[in-house]
Amino acid sequence: MTPTLQAFLIVSTALFSIGLLAALSRRHAIFILIGIEMMLAAANLNFIAFWRFGPHHQPPIGVMIALFSIAIAAAEAAVGLAMVIAVYRHYRTTNVDQLDQLRG
Amino acid sequence: MNSGAFILIAIFTLAAALAAATLRKLMHAALSFALAFVGLASSFFLLGAEFVGLALVFVYIGAVAVLIVFTILLTRRDVEKDRGFNWGGVPIAVAVFGGLTWSILKTQSIAIVAPRMPALTVKQIGAALMTSYVWPLQCVGLLLTAALIGALILVIEEKR
């Protein structure tokens, strides 16, 4: 017995939910970034799974989208971590609950 | 594709991801994050996308995980341990997982096994990148340059 497309989709759903959990419930800014990266990676797994189980294409579209999305995720991580450092310089904290200066 | 390898990889990936999301010590969470990406890359290998799996290892474990560790060390005074966990996120995450899993299991047309496919070579990927995807490739290069310069400007020391 070999794994079906459903099995891969369920794994990627679980990874997405864990990323959502990290992004929603942790108070630390770096954890929120880790959660967002996990959600993006779950989307990549979906692209690759649909490419593998779908009809054969030339050029390989799913692989291309996954490659570009990895590049964009790297840019996002760099900017996000730079923002964490900039926020830490100004407020001396990285706890997102204390960053409430703009709250009405 | 072999079922035992898939189950092993899935358990490993999800356990490492759960550890990254819930561990109290930031450094342990960052290392579990890297482990989760090792698992994810091996599932890409299982799916026959070796090049993307290797790119994932290079980008996430080689660059992003190291960046996260550096950021943790630079903001160290604050991060000895993470205070508090907002339990309100748990029902939302469980609801998203339940709803998506229910709809995946209800959809009969995706309960298929992988068709036979000729192996994807790096030569094919390179040819596609240099012909039909050359404009997206240039745009991503520009985006990466702009993002890295922007990140540098964000953290540059201000002269008083």
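Numbers restart at 1 for each chain; the letters A, B, ... are given by sequence-line order, proteins then strands.
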Quiz prompt | Contact class of B:Val59 relative to chain A, heavy atoms under 4.5 angstrom | solution = side chain

Quiz item: For B:Val155, does its backbone N or O pair with a side-chain atom of A:Arg89 as donor and acceptor, under 3.5 Å?
Solution: yes

Quiz item: Under 3.5 Å, side chain of A:Arg52 to main-chain N/O of B:Gly48, donor-acceptor pair present?
Solution: no

Quiz item: Can you say whether B:Leu67 sits under 4.5 Å from chain A via the side chain, the backbone, both, or neither, judging by heavy atoms?
Solution: both

Self-check item: Contact leader toward chain B among A:Val84, A:Val11, A:Leu81, A:Leu20, where contacts are heavy-atom pairs under 4.5 Å
Solution: A:Leu81

Self-check item: Pick from A:Pro59, A:Ala73, A:Gly19, A:Ala86 with the largest number of heavy-atom pairs that fall under 4.5 Å of chain B
Solution: A:Pro59

Quiz item: To the nearest 0.5 Å, what is the distance between OG1 (B:Thr71) and CG (A:Leu33)?
Solution: 8.5 Å

Quiz item: How long is the span from the CD1 atom in A:Ile10 to the CG atom in B:Leu105, to the nearest 0.5 Å?
Solution: 4.0 Å

Quiz item: Any donor and acceptor pair, going by atom type alone, linking the side chain of A:Gln6 with main-chain N or O of B:Ile104 inside 3.5 Å?
Solution: yes

Quiz item: Which distance, rounded to the nearest 0.5 Å, do you find between the CG of B:Leu18 and the CG of A:Leu21?
Solution: 7.5 Å

Self-check item: Reported CZ-to-CD1 distance for the pair A:Phe8 and B:Ile110, which is rounded to 0.5 angstrom
Solution: 13.0 Å

Quiz item: Considering only heavy atoms, which portion of A:Asp97 lies under 4.5 Å from any heavy atom of chain B: side chain, backbone, both, or neither?
Solution: neither

Quiz item: What part of B:Phe6 lies closer than 4.5 angstrom to a heavy atom of chain A: side chain, backbone, both or neither?
Solution: side chain

Practice problem: Flag yes if B:Phe12 and B:Leu31 sit in one hydrophobic cluster, no otherwise; membership is Ile, Leu, Val, Met, Phe, Trp, Tyr, and two members link when side-chain heavy atoms are under 4.5 Å apart. | Solution: no

Practice problem: Would you mind telling me which of A:Ala41, A:Ala74, A:Ala66, A:Ala77 has the largest number of heavy-atom pairs within less than 4.5 Å of chain B? | Solution: A:Ala41

Self-check item: B:Ala63 portion near chain A, given a 4.5 angstrom heavy-atom threshold
Solution: neither

Practice problem: For each of A:Val79, A:Ile18, A:Ile72, tally heavy-atom pairs with chain B at distances under 4.5 Å, and name the one with the top tally. | Solution: A:Ile18

Quiz item: What part of A:Ile32 gets closer than 4.5 Å to chain B, counting heavy atoms only: side chain, backbone, both or neither?
Solution: neither

Quiz item: Could you give the distance from OG (A:Ser17) to CG (B:Leu100), rounded to the nearest 0.5 Å?
Solution: 6.5 Å

Exercise. Measure A:Ala23 against the heavy atoms of chain B and call it side chain, backbone, both or neither at under 4.5 Å.
Key: neither

Self-check item: Heavy-atom contact with chain A under 4.5 Å, split by part of B:Leu40
Solution: side chain

Quiz item: Between atom CD1 of A:Ile30 and atom OG1 of B:Thr75, what is the distance when rounded to the nearest 0.5 Å?
Solution: 4.5 Å

Practice problem: Could you look at A:Glu76 and say if it's the side chain, the backbone, both or neither that has a heavy atom under 4.5 Å from chain B? | Solution: neither

Exercise. Given side-chain contact (heavy atoms from CB on, under 4.5 Å), test B:Tyr133 with A:Ile61 step by step and report yes or no.
Key: CA-CA 10 Å; B:Tyr133 289 88; A:Ile61 301 169; 3.9 Å; yes

